[in-house]
Peer 1: 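This structure is in structure tokens; I'll ask about it shortly.
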Amino acid sequence: RIVFSIHSGFWYGDGRPPFTQYDSVPYANMTVKINRSFQDGPGSNLIKDPFKPTVGLFVGSTINRQSFDTQFVLDMSYALNIDSSRIYVIHVTKGAVHYSWESTNVIVNFIFLERNNTKDVTLLTAIAELTNSIQNPNSTLYHGTNVTLDIDPNWGLEVVTWDISLKLTYAIEVVGGLAVKDGYYLNQGSQGSCEGNGTLIMRQYCEFERFFEDDVSKALSISYYRVQILFIKSAAYDAVLVHFRVLPQQHKSPEDDVTTAIYNLMSQVSNPNSPLYEGNVTIRVDSTWGVSQYNQTYRNSEAKFTLQYYDYDKKRLSDPQRFSEITAYDRCKANRRCNWGIVSLNQSTNDAKFYHQLFDNGKLFKVDLFLDFEDWRLGSRGFSWDGTIPATCKNCSSISLARAQPGTLRGAHFFPFNQPSMGPDIPCYRKERNQGLVLDRSLQRTQLDKQQSLIADLSGRIQWITDNIQNATMGPVQRSRKDVTQNLTWVRHDFQIWHDNEVKELQQLNSSQCSGGIKCFIQFDTSTLLLTGAISGVGKMKKTANGTEVALFTFNSIYLGPETEVRLVGQRPLVLLSKTSLIINTTIEALPGYLGGFQGGGSVARLPQEALSDHPKTILICDLGNYCTSNRTTLGGLDGSTIVSNNVNGPGSGNVRVNSFVMKTSATHVPEVQSIQTTAQLGQTISGGFALRFNGYSTTIIPHDASAKLLETIIEQNLNLANKFNRGVNSDGSPVV
């Protein structure tokens with residue numbers, strides 16, 4: 001059962017003290033290093049001149065050695081409160097571990113026996129107490145004693161065959177932080193500092209100690225209390241030697257004994273797929289050290305803790321959909337050949353901000369200009385002969401005006417940034433947004449493809465994190481599997497939220513722009529100021545400088561594709577404003593008589609009192625000339641000649657209704673003379689032409705005002721083809737008609 005503590009960062013529910021209260025092996029073979037010279041025999045200064053206590057008496061090597069051994073046993077018995085009969089000195093040798101120690105130090109090899117009665121402390125308890133006392137300068141081992149007061153704490157206590165070492169690729173600072181002593185070692189394990197409140201004081205080190213002891217015990221299938229760290233010493237800038245002790249098993253326990261456990265550890269160190277490398281920190285065991293420099297092996301593959309990167313994952317690079325998310329520009333940036341530029345465009349103000357970024361999601365540094373030519377909304381921003389910048393709302397430009405002039409809209413009657421924007425705000429790919437009047441299926445298809453690629457890439461990243469959640473980002477800060485797992489769990493959660501948001505945005509984008517087979521149609525009504533169809537909204541009525549009324553429709557962006565049908569109706573002229581770019585790739589349909597100041601050929605004027613009415617009295621063109629019949633006039637006795645065209649804005653379109661129609665006539669073919677006459681009523685004009693058909697043949701269009709000669713020529717060239725070669729000729733050689 002795992003129990004996390006907010007105070008210690010450990011998962012144990014108790015203090016987890018070393019479990020040493022049991023009888024184990026009959027004895028333990030140990031060594032300590034004593035800072036005494038071997039030249040005159042150990043113990044030469046134990047016998048003092050009673051008259052000059054500061055002067056030692058030389059009595060001989062045999063007596064000195066016996067005195068040294070006896071005093072060593074008495075010191076140990078006194079310091080540890082155990083019976084002196086349980087302590088034996090085996091031999092004392094020069095400090096031959098290092099050449100400089102031979103003349104200044106001795107190595108004492110001694111044994112502790114197991115207890116003979118239940119009232120005495122166990123062998124393991126005595127060893128644990130001695131290990132701790134050596135590291136504590138205030139212990140009785142250094143006070144009131146004669147020999148043990150010179151024990152070297154940097155050597156500590158070594159239990160022969162129990163104490164071993166492993167090399168881990170950690171810097172000593174990563175392991176212990178501020179607990180590191182003299183810049184190169186940690187002895188808190190021997191002191192038992194991580195029991196009790198020590199976990200709060202030395203959290204960084206104590207967490208490592210717990211990780212290591214649990215990793216080793218789990219790998220060896222032994223109880224956690226049988227593994228105890230003694231020292232951790234720096235072996236290189238990026239490596240440490242962990243000296244630890246493997247205690248004997250309890251009586252009749254099925255667990256391996258110390259020798260078997262250590263041999264098991266040796267075999268696991270040389271096998272990168274062993275349970276040892278599944279540990280929180282033992283994943284970083286260096287097999288070239290072996291176990292205490294025994295059974296050393298060389299690595300033949302990358303370490304499990306090698307940093308992993310999703311961006312270079314083979315599955316991602318081999319997936320066409322996910323790989324399409326990586327553009328040529330992305331690859332160029334990754335190779336540091338292209339600028340990491342970012343453009344942020346506020347469509348409502350047309351203000352663009354440019355940034356330089358050193359890496360993905362890194363800090364943004366403002367720059368004067370960056371153009372990637374990937375966003376159609378930006379246009380040719382940054383290039384102009386006269387140094388003007390794109391127009392923005394007042395005081396909204398982020399571009400320095402030191403060498404540029406504020407932008408203007410030449411020839412515009414209305415400034416778009418003074419008008420409220422219409423249309424929806426649809427998120428599309430990454431930070432792009434379709435704001436305003438954006439209806440183009442080709443653009444939408446491109447955005448959908450990119451969005452689907454992004455979602456597939458996020459799904460792949462989430463799965464990759466799940467597969468590598470324990471070791472992908474291991475380093476100085478995230479030094480254990482637990483740290484990496486905890487961090488990547490948060491990272492995966494963030495990516496999952498991002499993924500879910502992108503799925504929702506994909507659904508929004510997919511349901512916009514006349515999707516689902518819906519006819520893409522919009523209509524601007526300048527009378528009611530309504531925009532209806534695929535996008536709806538209400539425009540504004542504005543007046544020009546001359547007092548002319550217009551219907552104003554303002555958008556952040558306008559992009560109309562060829563499949564979009566646009567119809568214009570209403571009494572007022574139409575004004576379309578875009579705060580960024582305007583792209584119209586379709587036909588705008590304005591039928592005669594449906595847009596402008598009045599209906600052409602219908603009501604051609606207004607009464608003064610109805611100048612701004614949406615339902616004025618109908619005044620026909622014949623009313624103005626007083627030639628309407630009594631059943632057509634709408635004036636009711638008013639003199640039409642005094643009425644001046646007084647619609648909303650004056651004649652905005654042609655004041656003649658155009659009627660298109662086709663007439664077809666036929667008759668029995670008899671020799672006769674036929675006449676053709678074209679006429680128009682008073683007040684009307686006529687234009688266009690007509691065609692004649694005879695015996696399956698037709699003339700070309702004959703102008704309405706054709707002369708007799710032109711009419712004859714057209715008839716002869718088009719209607720006499722059937723008899724061209726069967727008719728005779730006149731006396732002058734011309735064909736008979």
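We count residues from 1, following the sequence as given. As the structure is a prediction and not an experimental result, all values here were calculated from the model.
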Peer 1: So, do Val25 and Trp162 sit near enough that their side-chain heavy atoms are less than 4.5 Å apart?
Peer 2: yes
Peer 1: Given side-chain contact (heavy atoms from CB on, under 4.5 Å), test Arg210 with Asn280 step by step and report yes or no.
Peer 2: CA-CA 10 Å; Arg210 294 288 176 88; Asn280 267 303; over 6 Å; no
Peer 1: In Å and rounded to the nearest 0.5 Å, what is the OG to CD distance from Ser223 to Gln250?
Peer 2: 7.0 Å
Peer 1: So, does Arg36 use its side chain to make a donor-acceptor pair with the main chain of Asp150 at under 3.5 Å?
Peer 2: no
Peer 1: Would you check if there is a donor-acceptor pair between the side chains of Gln228 and Arg245 at a distance under 3.5 Å?
Peer 2: no
Peer 1: Should the pair Arg481-Glu278 be classified as a salt bridge under the 4.0 Å nitrogen-to-oxygen rule?
Peer 2: yes
Peer 1: Quick check against the 3.5 Å criterion: does Gln188 have a side-chain atom that pairs as donor or acceptor with the backbone of Ser193?
Peer 2: no
Peer 1: Which residues satisfy the side-chain contact (heavy atoms from CB on, under 4.5 Å) test with Val491, sequence neighbours excluded?
Peer 2: Ile465, Asn487, Leu488, Phe495
Peer 1: Please tell me if the side chains of Asp286 and Arg299 come closer than 4.5 Å, counting only heavy atoms from C-beta onward.
Peer 2: yes
Peer 1: Listed by chain and number, what are the ring-ring contact (aromatic ring centres under 6.0 Å, His included) partners of Phe110, not counting sequence neighbours?
Peer 2: Phe72, Phe112
Peer 1: For residues Ser287 and Ser270, determine if any side-chain heavy atom of one lies less than 4.5 Å from a side-chain heavy atom of the other.
Peer 2: no
Peer 1: Without swapping roles, check the side chain of Glu255 against the backbone of Ser221 for a donor-acceptor pair under 3.5 Å.
Peer 2: no
Peer 1: With rounding to the nearest 0.5 angstrom, report the CD to CG distance, Gln451 to Leu506.
Peer 2: 5.5 Å
Peer 1: Tell me, do Arg226 and Ser217 make a side-chain contact under 4.5 Å, heavy atoms counted?
Peer 2: no
Peer 1: Would Lys482 and Glu207 count as a side-chain contact (heavy atoms from CB on, under 4.5 Å) if you check the C-alpha gap in whole Å, the side-chain angles of each, and the deciding distance to 0.1 Å?
Peer 2: CA-CA 11 Å; Lys482 169 183 170 288; Glu207 183 186 52; 3.4 Å; yes
Peer 1: Distance only, no hydrogens: is a donor on one side chain within 3.5 Å (strictly under) of an acceptor on the other, for Gln478 and Thr473?
Peer 2: yes
Peer 1: Are any side-chain N or O atoms of Asp182 and backbone N or O atoms of Tyr184, one a donor and one an acceptor, separated by less than 3.5 Å?
Peer 2: no
Peer 1: Once rounded to the nearest 0.5 Å, what's the spacing between atom NE2 of His493 and atom CD1 of Ile462?
Peer 2: 11.0 Å
Peer 1: Mind checking whether Val269 and Met266 have side chains closer than 4.5 Å, heavy atoms only?
Peer 2: no
Peer 1: Calculate, to the nearest 0.5 Å, the distance between atoms OG1 and CD1 belonging to Thr489 and Ile469 respectively.
Peer 2: 3.5 Å
Peer 1: Hey, which of Gln347, Gln447, Gln444 is the one that makes side-chain hydrogen bond (donor to acceptor under 3.5 Å, both in side chains) with Asn434?
Peer 2: Gln447
Peer 1: Could you check whether Asp483 and Ser480, counting side-chain N and O atoms only, form a donor-acceptor pair closer than 3.5 Å?
Peer 2: yes
Peer 1: Under 3.5 Å, is there a donor-acceptor pair linking the side chains of Thr446 and Asp449?
Peer 2: no
Peer 1: For Thr327, does its backbone N or O pair with a side-chain atom of Asp330 as donor and acceptor, under 3.5 Å?
Peer 2: yes
Peer 1: Nearest 0.5 Å, what's the CD1-NE2 distance between Ile229 and His243?
Peer 2: 11.0 Å
Peer 1: Of all residues at least two apart in sequence or in a different chain, which pass the side chain to side chain donor-acceptor pair (under 3.5 Å) check with Ser442?
Peer 2: none
Peer 1: Under the rule for side-chain contact (heavy atoms from CB on, under 4.5 Å), what residues qualify as partners of Asn109, not counting sequence neighbours?
Peer 2: Asn29, Thr31, Ile90, His91
Peer 1: Step through the shown structure and confirm whether more than 12 heavy atoms of other residues, nucleotides or ligands are within 6.0 Å of NZ on Lys218.
Peer 2: no
Peer 1: CZ of Phe323: more than 12 outside heavy atoms within 6.0 angstrom?
Peer 2: yes
Peer 1: Are Gln308 and Asn468 linked by a side-chain donor-acceptor pair shorter than 3.5 Å?
Peer 2: no
Peer 1: Could you tell me whether the side chain of Gln508 and the main chain of Ile426 form a donor-acceptor pair under 3.5 Å?
Peer 2: no
Peer 1: Which atom pair, heavy atoms only, marks the closest approach of Gln321 to Ala456?
Peer 2: OE1-CB, 3.5 Å
Peer 1: Answer yes or no: does atom CZ of Phe365 have more than 12 heavy-atom neighbours from other residues, nucleotides or ligands under 6.0 Å?
Peer 2: yes
Peer 1: For residues 310-318, please give each side-chain donor-acceptor pair under 3.5 Å, one per line with the distance, not counting sequence neighbours.
Peer 2:
residue	atom	partner	partner atom	Å
Tyr310	OH	Arg322	NH1	3.1
Tyr310	OH	Asp457	O	3.0
Tyr310	OH	Asp457	OD1	2.9
Asp313	OD2	Lys315	N	3.3
Arg316	NE	Asp457	OD1	2.9
Arg316	NH1	Asp311	O	3.4
Arg316	NH2	Asp457	OD2	3.2
Ser318	OG	Lys314	O	2.9
Ser318	OG	Lys315	O	3.2

Peer 1: Would you please test Asn136 and Ser133 for side-chain hydrogen bond (donor to acceptor under 3.5 Å, both in side chains) and show each step?
Peer 2: CA-CA 5 Å; Asn136 181 8; Ser133 296; over 6 Å; no
Peer 1: Crowded around Lys353 NZ? As in, over 12 foreign heavy atoms under 6.0 Å?
Peer 2: no
Peer 1: The test is side-chain contact (heavy atoms from CB on, under 4.5 Å); show your working for His499 and Ile455 and say whether it passes.
Peer 2: CA-CA 6 Å; His499 171 273; Ile455 292 173; 3.6 Å; yes
Peer 1: On a heavy-atom basis, which atom in Tyr355 and which in Ser344 lie closest, and how many Å separate them?
Peer 2: CE1-CB, 4.2 Å
Peer 1: Verify side-chain contact (heavy atoms from CB on, under 4.5 Å) between Met76 and Leu141, making sure each step is shown before the conclusion.
Peer 2: CA-CA 7 Å; Met76 285 289 181; Leu141 198 65; 4.1 Å; yes
Peer 1: Classify the ring geometry between Phe212 and Phe244 as parallel (under 30°), tilted (30 to 60°) or perpendicular (over 60°).
Peer 2: perpendicular
Peer 1: More than 12 non-hydrogen atoms from neighbouring residues, nucleotides or ligands closer than 6.0 Å to CD1 on Ile497, yes or no?
Peer 2: yes
Peer 1: Strictly by modelled atom types, are Trp490 and Gln486 linked by a side-chain donor-acceptor pair under 3.5 Å?
Peer 2: no
Peer 1: Report yes if some heavy atom in the side chain of Phe208 is under 4.5 Å from a heavy atom in the side chain of Leu186; otherwise report no.
Peer 2: no
Peer 1: Within a strict 4.5 Å, meaning less than it, do heavy atoms of the Tyr225 and Leu124 side chains meet?
Peer 2: no
Peer 1: Would you tell me whether Thr259 and Asp257 have side-chain atoms, one donor and one acceptor, within less than 3.5 Å of each other?
Peer 2: no
Peer 1: For the backbone of Arg479 and the side chain of Tyr170, can you confirm whether one donor and one acceptor N or O come within less than 3.5 Å of each other?
Peer 2: yes
Peer 1: Report the distance from atom CG of Leu157 to atom CZ of Phe231, rounding to the nearest 0.5 Å.
Peer 2: 9.0 Å
Peer 1: Verify whether one side chain among Ser190 and Asn187 offers a donor that lies under 3.5 Å from an acceptor in the other.
Peer 2: no
Peer 1: Give a yes or no answer on whether the side chain of Tyr142 reaches the backbone of Ile134 with a donor-acceptor pair at less than 3.5 Å.
Peer 2: yes
Peer 1: Name all residues meeting the side chain to side chain donor-acceptor pair (under 3.5 Å) criterion together with Asn501; count only those two or more places apart in sequence or in a different chain, and write none if there are none.
Peer 2: none
Peer 1: Just wondering, do Ser165 and Trp289 contact through their side chains at under 4.5 Å, heavy atoms?
Peer 2: yes
